[in-house]
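To start, the structure itself, in structure tokens.
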Amino acid sequence: MQFIDGGVTAPIGFTANGILNHIKQSRKTPDTALIYSETLCTAAGVFTQNRVKAECVKLTKAHIQDGKAQAVIANSGNANACTGRQGYENAEKTAVCVAKTLGIDANNVLVCSTGVIGQQLPIEKITDNLKTLADGLSKQGHETARQAIMTTDTQYKECAVQTVIGGKTVTLGTMAKGSGMIHINLGTMLGFITTDCAISAEMLKKALLESAQGTYNCVSIDGDTSTNDTLLCLANGMAGNAEITSEGKDYDAFLAALNALNTQMAMKIAADGEGASHLITCNVVGADTVQNARGLAKAVICSNLVKAAFFGRDANWGRILDAMGYSGFNFTPETTSVSFVSRNGAKRYFADGAQNGGEEQSIRVFENGVPLNFDEDKAKAILSEEAVEILVELKDGNAAGTAWGCDLTYDYVKINGDYRT
């Protein structure tokens with residue numbers, strides 16, 4: 001398995017494009033993206049658990065029910081959420097116009113939006129320019145497409161990986177957006193995965209759900225689950241491998257590649273949290289179950305007190321134990337240890353910051369239920385790096401889990417204080 005360039009257009013048969021439609025008048029970069037496969041794909045999706053769902057989410061859930069899709073259109077600047085019947089009709093019209101432009105079935109077009117909630121989508125700005133969007137589809141189009149889905153993101157987020165399945169080279173590519181209103185539960189902000197692997201819709205959905213549980217679902221920026229969270233995966237089978245229709249060696253290889261891809265994206269999203277200055281990774285080891293390990297890790301990541309302490313470079317380990325204690329997940333406080341770990345020069349935007357930094361530095365602050373005397377200056381130096389790990393060591397079993405988040409800064413409040421206006 002190896003990481004490569006190309007994002008969503010890295011797999012065989014996929015092209016993309018992004019253009020500026022001025023959906024939000026102040027926008028200066030592309031705001032509408034299109035992903036297209038030469039052939040009909042098997043498809044799977046995971047969606048927001050928020051009871052209030054955007055109209056495009058409702059439409060896409062209906063279109064993907066048959067496990068088929070061929071194109072995805074996504075806009076930023078307007079969420080098309082809480083917009084009623086007109087909003088749903090706008091999503092429908094978008095799908096119909098895309099289908100007509102590309103010469104495919106409207107039911108095979110998936111529609112996504114992100115941006116301000118509660119404003120009607122200026123649909124003509126999208127439909128009037130669909131020919132331009134479609135005419136520009138190319139293998140290089142991932143570069144404009146990845147920009148077009150960004151809102152308050154400061155960095156585009158994409159990744160691609162290649163592996164061998166059934167003797168054939170299989171490629172998976174992805175792009176996502178996400179910076180605020182992120183507290184993922186069986187979904188993500190907007191995430192799109194393409195692959196040329198041949199895999200049945202049933203096994204694709206199984207893999208996507210399983211992968212999301214340990215990657216995207218382990219990210220939290222601010223505790224808010226969006227109305228628009230959508231993670232889609234399209235597989236066109238053009239790699240030529242024997243179709244994966246059941247669990248086994250080929251399925252395991254596909255899942256491993258999908259996990260590698262989604263882990264990188266989860267870290268990129270956490271690192272780019274609104275106003276963030278630190279990527280925070282919480283690793284819990286020695287738990288009795290994976291569910292408890294992940295739950296404890298995410299409780300720590302979600303704590304505003306923990307996030308604020310990291311912003312202040314304060315090694316306040318008590319807040320970590322407190323978050324674990326009220327989480328509802330099982331662990332034994334009396335045999336719990338906590339350490340802080342970082343690498344010199346590790347940059348949060350690399351996502352794999354631990355590999356991109358210098359010498360590892362760590363300090364244990366709590367051991368077997370007892371506080372330790374530790375060097376506050378050394379702890380502050382460790383917490384001053386852009387990518388920092390909280391290592392929680394338990395003695396309850398052999399399970400492990402990881403969650404990703406960021407610190408809580410003054411800029412988060414500034415960004416969200418006037419987001420609508």
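As the structure is a prediction and not an experimental result, all values here were calculated from the model.
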Tell me whether Lys53 at atom NZ has more than 12 heavy atoms from other residues, nucleotides or ligands lying less than 6.0 Å away. yes
Please report the closest heavy-atom contact between Leu279 and Ala271, naming both atoms and the distance. CD1-N, 3.8 Å
Is a side-chain donor or acceptor of Asp272 paired with a backbone partner of Gln155 at a separation under 3.5 angstrom? yes
CA sep, side-chain torsions, deciding dist, call: Gln70, Ser37, side chain to side chain donor-acceptor pair (under 3.5 Å): CA-CA 5 Å; Gln70 195 167 351; Ser37 170; 5.5 Å; no
Which of Thr48, Val72, Leu190 passes side chain to side chain contact (heavy atoms under 4.5 Å, CB included) with Thr230? Answer is Leu190
Where do Glu393 and Ser339 come nearest, in terms of heavy atoms and distance? OE1-OG, 4.2 Å
For Gln291, all residues meeting side-chain contact (heavy atoms from CB on, under 4.5 Å), sequence neighbours excluded: Thr289, Phe329
Atom pair CD1 (Ile104) and OG1 (Thr39), whose distance is rounded to the nearest 0.5 Å: 11.0 Å
Thr42-Lys68 side chain donor-acceptor pair, cut-off 3.5 Å: no
What pairs with Glu92 under salt bridge (charged side-chain N to carboxylate O under 4.0 Å, His left out), at least two apart in sequence or on another chain? Arg85
Going by heavy atoms in the side chains, are Leu391 and Phe340 under 4.5 Å from each other? no
Presence of salt bridge, Lys157 and Asp153, under 4.0 angstrom: yes
I'd like to know if the side chain of His63 and the backbone of Val109 have a donor-acceptor N/O pair within less than 3.5 Å. yes
Sequence neighbours left out, what passes side chain to side chain donor-acceptor pair (under 3.5 Å) with Asn283? Give chain and number order. Glu389, Thr402
Can you list the steps and then say if Leu234 with Ile193 is a side-chain contact (heavy atoms from CB on, under 4.5 Å)? CA-CA 6 Å; Leu234 277 64; Ile193 304 167; over 6 Å; no
Distance in Å, Leu34 CG paired with Leu102 CG, rounded so as to fall on 0.5 Å steps: 5.5 Å
Answer yes or no: is there a donor N or O on one side and an acceptor on the other, between the side chain of Lys298 and the main chain of Cys218, under 3.5 Å? no
Neighbour count >12 (heavy atoms, 6.0 Å) for atom CG, Asn398: no
Do you see a donor-acceptor pair shorter than 3.5 Å between the side chains of Asn236 and Glu38? no
Side-chain heavy atoms of Val46 within contact of Tyr216, under 4.5 Å: no
Non-hydrogen atoms of Thr215 and Trp404 that approach each other most closely: O-CZ3, 3.6 Å
Worked check of side-chain contact (heavy atoms from CB on, under 4.5 Å) between Val161 and Thr163: CA-CA 7 Å; Val161 65; Thr163 190; 5.8 Å; no
Between Arg27 and Asp31, is there a side-chain N and carboxylate O pair less than 4.0 Å apart? no
Looking at CG of Leu261 and SG of Cys159, how far apart are the two atoms once the value is rounded to the nearest 0.5 Å? 5.0 Å
Please tell me if the side chains of Asn17 and Ser138 come closer than 4.5 Å, counting only heavy atoms from C-beta onward. no
Shortest non-hydrogen contact from Ala145 toward Ala16: CB-CB, 4.1 Å
Side-chain donor/acceptor of Asn129 to backbone N/O of Lys125, under 3.5 Å: yes
With a 4.5 Å heavy-atom cut-off, do Ile165 and Ile244 have their side chains touching? yes
Report the residues that fulfil side chain to side chain donor-acceptor pair (under 3.5 Å) with Ser113, sequence neighbours left out, ordered by chain and then residue number. Asn75
Can you find a heavy atom in the side chain of Phe47 that is under 4.5 Å from one in the side chain of Leu232? yes
Crowding at NZ, Lys131 (>12 non-hydrogen neighbours, <6.0 Å): no
Under the 3.5 angstrom rule, does the side chain of Arg146 hit a backbone N or O of Tyr156 as a donor-acceptor pair? no
Contacts of Asp196 meeting side chain to side chain donor-acceptor pair (under 3.5 Å) (sequence neighbours excluded), chain-then-number -> none
Rounded distance (nearest 0.5 Å) linking atom OG of Ser342 with atom CD of Glu360: 8.0 Å
Working for side-chain contact (heavy atoms from CB on, under 4.5 Å), residues Ile126 and Ile73: CA-CA 10 Å; Ile126 296 175; Ile73 185 167; 4.0 Å; yes
Looking at Leu121, is its backbone amide N or carbonyl O close enough to the side chain of Asn80 to form a donor-acceptor pair, meaning the two atoms are under 3.5 Å apart? no
Indicate yes or no for a side-chain donor-acceptor contact from Ser211 to the backbone of Ala207 under 3.5 Å, with no hydrogens or angles considered. no
Minimum heavy-atom distance Val8-His142, with the two atoms named: CG2-CB, 4.2 Å
Out of Asp396, Asp288, Asn292, which one pairs with Asn330 under the side chain to side chain donor-acceptor pair (under 3.5 Å) rule? Asp288
I'd like to know if the side chain of Lys177 reaches the main chain of Thr151, judged simply by a donor and an acceptor atom lying under 3.5 Å from each other, with no hydrogens or angles considered. no
Tell me whether Gln120 at atom CD has more than 12 heavy atoms from other residues, nucleotides or ligands lying less than 6.0 Å away. yes
Is there a side-chain contact between Leu255 and Asn259, using heavy atoms and a 4.5 Å cut-off? yes
If you apply the rule side-chain contact (heavy atoms from CB on, under 4.5 Å), what do you find for Leu258 with Leu172, and how did you get there? CA-CA 7 Å; Leu258 186 61; Leu172 294 84; 4.0 Å; yes
Crowded around Gln65 CD? As in, over 12 foreign heavy atoms under 6.0 Å? no
Note, Ile280 side chain near Ile301 side chain (heavy atom, < 4.5 Å): yes
Run the side chain to side chain donor-acceptor pair (under 3.5 Å) check on Thr83 and Glu55 step by step: do they pass? CA-CA 7 Å; Thr83 48; Glu55 302 310 316; 4.5 Å; no
Quick check: closest heavy atoms across Ala33 and Ile149, and the distance to 0.1 Å? CB-CG2, 4.1 Å
Side-chain donor or acceptor of His278 paired with backbone N/O of Leu383 under 3.5 Å: yes
Hey, is CG on Asp5 packed in by over 12 heavy atoms from elsewhere, all under 6.0 Å? no
By ring pair (Phe, Tyr, Trp, His ring centres under 6.0 Å) - contacts of Phe311 (at least two apart): Tyr410
Flag for Asp407-Ser277: side-chain donor and acceptor within less than 3.5 Å: yes
Side-chain contact test, heavy atoms from C-beta onward, threshold under 4.5 Å: evaluate it for Thr94 versus Leu130 and give yes or no. no
Sort out for me which residue in Thr144, Ile19, Val98 forms a side chain to side chain contact (heavy atoms under 4.5 Å, CB included) with Leu133. Ile19
Ignoring hydrogens and geometry, is there a side-chain-to-backbone donor-acceptor pair from Thr9 to Gly6 under 3.5 Å? yes
